[in-house]
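A short write-up of the structure that comes next.
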Protein chains: 2
Amino acid sequence: MATIREIAEKAKVSPGTVSFVLNGKGDQMRISIKTQEKILKIAKDLGYLPSISARRLRNSEAINIPFITILWTLDTRASLISRFLQGLQHKTLFKSNQFEILIQPYENGKLSELESLRTGNKYNGAIIANASDKDLQYLDNANLKVPIVLYQRHSDKYSTVNVDSKKTGLDVASFLHIKGIKKVGMVIPNLSSQAVARRSQGFIEGIETLGMDNTIIKNGDFSEKGGYEAMEALIKASYPLPEALFFLSDPMAVGAISACHEYGVRIPDDLKIIGHDNDEQTPFTTPALTTVHLPVEEMANACVKQLMGQINQTISTPSNERFETKIIERKSC
Amino acid sequence: MATIREIAEKAKVSPGTVSFVLNGKGDQMRISIKTQEKILKIAKDLGYLPSISARRLRNSEAINIPFITILWTLDTRASLISRFLQGLQHKTLFKSNQFEILIQPYENGKLSELESLRTGNKYNGAIIANASDKDLQYLDNANLKVPIVLYQRHSDKYSTVNVDSKKTGLDVASFLHIKGIKKVGMVIPNLSSQAVARRSQGFIEGIETLGMDNTIIKNGDFSEKGGYEAMEALIKASYPLPEALFFLSDPMAVGAISACHEYGVRIPDDLKIIGHDNDEQTPFTTPALTTVHLPVEEMANACVKQLMGQINQTISTPSNERFETKIIERKSC
DNA sequence: TTGTACGCGTTATCAT
DNA sequence: ATGATAACGCGTACAA
């Protein structure tokens, strides 16, 4: 709140003197001890906070490096952000110092409350990681000042980096069909997500086209715990288990495997399980988890490249970059 | 690189006009279409990048909010950063908008190359997540302009948020001793980390004091893969397995469990396993992993609070805040 | 020690 | 109808 000029006024010295003292150059500039102490005390009393913006503005003999922000919701799966950042580590994107990364959390559905997207006074571009349908609707009507890239979402207005989630669902259905499976199920985390919705839709469509039986289970939590509880409920229910279950996130599948061990359900003999994401831990479950590889790291890279292109004005029309998912067959299915 | 004034010069208009046009207020301000197009073209040709610093400086009728940066090495375990950020989500730290989070990666051992710690022109304070011994040595002699907090490290010069890693090692040794175990082993990731070194040291000391046998295995990788490979090598070696193994990270323990299943080593009957961190997945391994709970989330909070205190100048002397680890007993040991 | 110009974008006031 | 001028925000550094 307090500025150097305010401090200068109170201390009856010039702004320059205050700057020198606060930067530890007091002795070097031969400012008297008394003055220095006075200045330091006033700064402390006023809770002086140096303005980074002013410093940057002034000191930037260096180049003006763009700020990129990652907008992610507080309920985003933890592993996403870490894989996302890991993706940026490679390809020397980070090391090249072409941009700075800012993390901006926001509440699901409240993207509209983020003034900074409209004023553009916090970053040069934004990657929006997990927009809910409500947020997407806001974006469709909004007039933003900064370029954005949507991760794992579709849009006609903005650039996106995405996979064909519907195709993924179809692929999984087909994968199960080829194995001769007739009765299948899907466990869906209970959240408003375009990707999850399309994946489910594709799966259901595939199931129906291929003439298989389907059970859908909704569960509130995409974590290990959610998967465990969904699996437990299924086991305890009176009707028999399907032959295979598709979990829409790997942590859920991991939780489910645990529940199966607990209740004596053998995988893959009694029940086959397939997850989604190809998280780092999945080759090491018992049995190793068959899952859908989501190229998060590559997509993270693509997001940054897209965004940098827009920021540098070398890209002007929104593009939809699409990556391929791939089923990684291991032991669980 | 290019500024509004440069564009103005080339377009033979005033800076204000350029600003209006680039912000989409051209029509509103009744700037002629031709002028607008000219300005936009020049801006594009020059690759104009708005200076966020200048915007912030100008627009901040709002308060000056401190920037906090998280300095993390490119080889930091991925789960750390995600649990760290998760920790900040709670306690409404994030939501309160008291600060902004910047992510700054750096190469292990090259903290000294980060100019921003000395110039203070990028952030008001830094949390250093995984300083190597070399980095700590640099910090000990350095004269920084911004306050810092060290996570999981000890220092007499700076504030730290830490656990007693040596005590953790002792605790684990004692825990195993109480179970009547005589022959134990420890699998250590091969990296220069104060925390890992102290944990090992405590464990070895405990083992010796309690008169147990010890085997130490060094492995290059703290991931699931590293644990799997270490375990595989142990199983294939000619000498018999110890009764219990202490893995210095949970992912390693998860990998080891997988290897045990693969080779028919029964846990906990043939071999007991204890991990470290209490990562989210550990209750869901088979058998559930006994591990040491590291309160990452609480520590993350403490880091921010410490740092904010220093930034606001309400805290001036470095403090060492210490948290407790706790053994979470499950089925694997 | 002081005075002051500077870095850059914004915007209210003023001028054809 | 079209646009110019200049003050401002805040810390820094050079000349005096």
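Values in this document were obtained by computation on a predicted structure and should not be read as measured data. Computed over heavy atoms, backbone and side chain alike; hydrogens, waters and symmetry mates excluded.
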| field | A/F84 and A/Y151 aromatic ring geometry - parallel, tilted or perpendicular at 30°/60° bounds | value | perpendicular

| task | Round to the nearest Å and state the distance from B/E6 atom CD to C/dG7 atom C1'. | result | 12 Å

| task | Using distance alone, with no hydrogens and no angle criterion, decide if B/T69 and B/Q104 have a side-chain donor and acceptor under 3.5 Å apart. | result | no

| task | Please state how far atom CZ in B/R118 lies from atom C1' in D/dT12, giving the value in whole angstrom units. | result | 19 Å

| query | Roughly how many Å is it from CZ in B/R56 to C1' in C/dG7, rounded to a whole number? | reply | 17 Å

| B/K305/B/E321 ion pair, N-O < 4.0 Å | no

| said: Assess, by modelled atom type and distance only, whether the side chains of B/T17 and B/S14 contain a donor and an acceptor separated by less than 3.5 Å. | reply: yes

Please list, for nucleotides 9-13 of chain C, all pairs of protein and nucleotide N/O atoms separated by less than 3.5 Å.
from: C/dG9; atom 1: OP1; to: B/Y48; atom 2: OH; distance (Å): 3.0
from: C/dG9; atom 1: OP2; to: B/I4; atom 2: N; distance (Å): 2.7
from: C/dG9; atom 1: O5'; to: B/Y48; atom 2: OH; distance (Å): 3.3
from: C/dG9; atom 1: N7; to: B/R5; atom 2: NH2; distance (Å): 2.8
from: C/dG9; atom 1: O6; to: B/R5; atom 2: NH2; distance (Å): 3.0
from: C/dG9; atom 1: N2; to: B/R58; atom 2: NE; distance (Å): 3.4
from: C/dG9; atom 1: N2; to: B/R58; atom 2: NH1; distance (Å): 3.1
from: C/dT10; atom 1: OP1; to: B/R55; atom 2: NE; distance (Å): 2.7
from: C/dT10; atom 1: OP2; to: B/S19; atom 2: OG; distance (Å): 3.0
from: C/dT10; atom 1: OP2; to: B/N23; atom 2: ND2; distance (Å): 3.0
from: C/dT10; atom 1: O2; to: B/R58; atom 2: NH1; distance (Å): 3.3
from: C/dT11; atom 1: OP2; to: B/K25; atom 2: NZ; distance (Å): 3.2

| task | Output yes when at least one side-chain N/O atom of B/S53 is less than 4.0 Å from OP1 or OP2 of C/dC8, else no. | result | no

| request: Please determine, for the side chain of A/I31, which listed nucleotide (D/dG3, C/dT1, C/dC8) has the closest atom? | output: C/dT1

| message | Quiz question: by atom type and distance under 3.5 Å, do the side chains of A/N320 and A/T160 form a donor-acceptor pair? | response | yes

| d(CD, A/E9; C1', C/dG3) in whole Å | 15 Å

| field | Integer-rounded Å distance: D/dA1 C1' and B/K34 NZ | value | 13 Å

| query | Only one of A/I101, A/I311, A/I68, A/L117 clears side chain to side chain contact (heavy atoms under 4.5 Å, CB included) with A/Y123; which? | reply | A/L117

| Within this structure, what is the CE-to-P distance between A/M29 and D/dA13, rounded to whole angstrom? | 9 Å

| Under 4.0 Å between a side-chain N/O of B/T35 and OP1 or OP2 of D/dT2, yes or no? | no

| task | Under 4.0 Å between any heavy atoms, over every strand shown, what does A/V18 touch: base, sugar-phosphate, or nothing? Just pick one. | result | nothing

